[in-house]
Trainee: 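Quick one: the structure is below, and I'll ask about it shortly.
Each residue takes its place number in the sequence, starting with 1.
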Amino acid sequence: MEFGMILILFVASIPTILAEDISYGTIVVDGTTSIAQTDDNFVCATIDWWPHDKCDYKQCPWHYTSTITLDLSHPILTKAIQAFNRLRIRIGGSLQDQVLYNVGNLKSPCHPFRKMKHGLFGFSKGCLQMKRWDELNHFFNATSVMLTFGLNALYGRHKLKGSLWGGEWDSSNAEDFIKYSISKGYQIDSWEYGNELSGNGVGAHVHADRYGKDLIHPKKIIKELYKGSQFEPLLVAPGGFFNQQWFTKLLQVSGSNVLDAISHHIYNLGAGSDPKLVSKILDPNHLNKVANTFINLARTVQTHGPWSSAWVGESGGAYNSGGPHVSDTFVNSFWYLDQLGMASKYHTKVYCRQTLIGGNYGLLNATTYVPNPDYYRLV
């Protein structure tokens, strides 16, 4: 998909136009020259693991939209996804590294997520039953979804100090899960390793050298299990906030052709509770600040991992479930379209919106499934 996205370029410039005195002129767009390319399935949306009792700012906006509880039979959900022809969906999120897959020789009890005072993000470990995994894949197949699935990268590790986790990754549960998926013929486009464990992490983090060494293992598993298959899924990581030193080390330690896509997360509007959230969305100077992240990541990939490509694995504008009565309204589109244009300009191949449904920033309303304004920027 060439960067000939004239509509996105035009709409993304609206905040600048609004911020200045009105003047009239002519805009000329040269559609014959491309400055970057995205993947054909550039547009992506996420489905998270948050249970209905995940709350922020005295609100609980997730309802029953998690990977476990989402109503896959809802007609609006089906039609909303099919409207994209082939939408990429990323299953992942904060609780990803606490998910156990109830398959094979699982070493731990497999129970649903529940509130836990000293648990990571305030929750216990959770469980993905294979019956639910079957239901999800039947739904994804029926709606032509291209799936990216986030694996638990903390399994087998232990907490060292503060938010630092150490020890080698135990691949047994993930390997059994992948084997099951292959045996069922499920088409997984890419397996993503871990969520927000880079740099200082969010809740937990792992040193880059340890993470890089462990990345070699899932790559080996993918190559062995898919040997002889017509398609080999991509390996994506780390799904965290960009830290140049950490990301560089990751690529150096994991080595050539291990990581197919290097994913990072962006929440450049700050907390969803910020009373100045709308002002930030309409401020081109604020929106432009994140360009340095895209530029530095592109340089890091070019210098240390040219075999890889850059993805935005998760971006919801405002963190902690988004801004109530802001992230699900028309004004949020100024941020969203600006992000899509900027990401494209700096060679981002995939951009995953947090979320398809769930929280305040869903493309679909969390209870009615009716599309919010940002949905219509895409279809």
Trainee: Does the separation of the ring centres of Y211 and Y193 fall below 6.0 angstrom?
Mentor: yes
Trainee: Going through the checks in order, is the side chain to side chain contact (heavy atoms under 4.5 Å, CB included) test met by E192 and F149?
Mentor: CA-CA 6 Å; E192 187 173 30; F149 186 92; over 6 Å; no
Trainee: Is a salt bridge present between R210 and D214, judged by a nitrogen-to-oxygen distance below 4.0 Å?
Mentor: yes
Trainee: Once rounded to the nearest 0.5 Å, what's the spacing between atom CD of Q354 and atom OG of S321?
Mentor: 8.5 Å
Trainee: Just by distance, do the side chain of N137 and the backbone of W133 share a donor-acceptor pair under 3.5 Å?
Mentor: yes
Trainee: Apply the ring pair (Phe, Tyr, Trp, His ring centres under 6.0 Å) test between H264 and each candidate in W246, F294, W311, F247; give the one that qualifies.
Mentor: F294
Trainee: Working to the nearest 0.5 Å, report the span between CD of Q98 and CZ of F121.
Mentor: 7.5 Å
Trainee: Determine whether W50 and F113 satisfy the following criterion, ring-ring contact (aromatic ring centres under 6.0 Å, His included), listing intermediate values before the conclusion.
Mentor: CA-CA 9 Å; W50 287 121; F113 285 113; 8.4 Å; no
Trainee: Mark yes or no for whether D39, through its side chain, and N41, through its backbone, hold a donor-acceptor pair below 3.5 Å.
Mentor: no
Trainee: Donor-acceptor pair, R88 side chain versus M146 backbone, under 3.5 Å?
Mentor: no
Trainee: Do the rings of F42 and Y351 sit parallel, tilted or perpendicular, given the 30° and 60° boundaries?
Mentor: tilted
Trainee: Less than 6.0 Å separating the ring centroids of F84 and Y375?
Mentor: yes
Trainee: Run the side-chain hydrogen bond (donor to acceptor under 3.5 Å, both in side chains) test against S66 and tell me which residues pass, sequence neighbours left out.
Mentor: T69
Trainee: May I ask you to decide if the ring planes of Y267 and Y361 are parallel, tilted or perpendicular, using 30° and 60° as cut-offs?
Mentor: tilted
Trainee: Please examine the side chains of Q339 and N268, heavy atoms only from C-beta on, and report whether any two atoms are closer than 4.5 Å.
Mentor: yes
Trainee: Are the side chain of K280 and the backbone N or O of L269 linked by a donor-acceptor pair below 3.5 Å?
Mentor: yes
Trainee: Are Y101 and D176 packed together at the side-chain level, in the sense that at least one heavy-atom pair is separated by less than 4.5 angstrom?
Mentor: no
Trainee: Can we call the ring centroids of F123 and H118 under 6.0 Å apart?
Mentor: no
Trainee: How about T348 and T38: do any of their side-chain heavy atoms sit closer than 4.5 Å?
Mentor: no
Trainee: For the atom pair CZ (R90) and CD (Q96), what is the distance rounded to the nearest 0.5 Å?
Mentor: 5.5 Å
Trainee: Under a 4.0 Å threshold between the charged nitrogen and the carboxylate oxygen, would R132 count as salt-bridged to E135?
Mentor: yes
Trainee: Would you say the side chain of T355 lies within less than 4.5 Å of the side chain of W62, judging by non-hydrogen atoms?
Mentor: yes
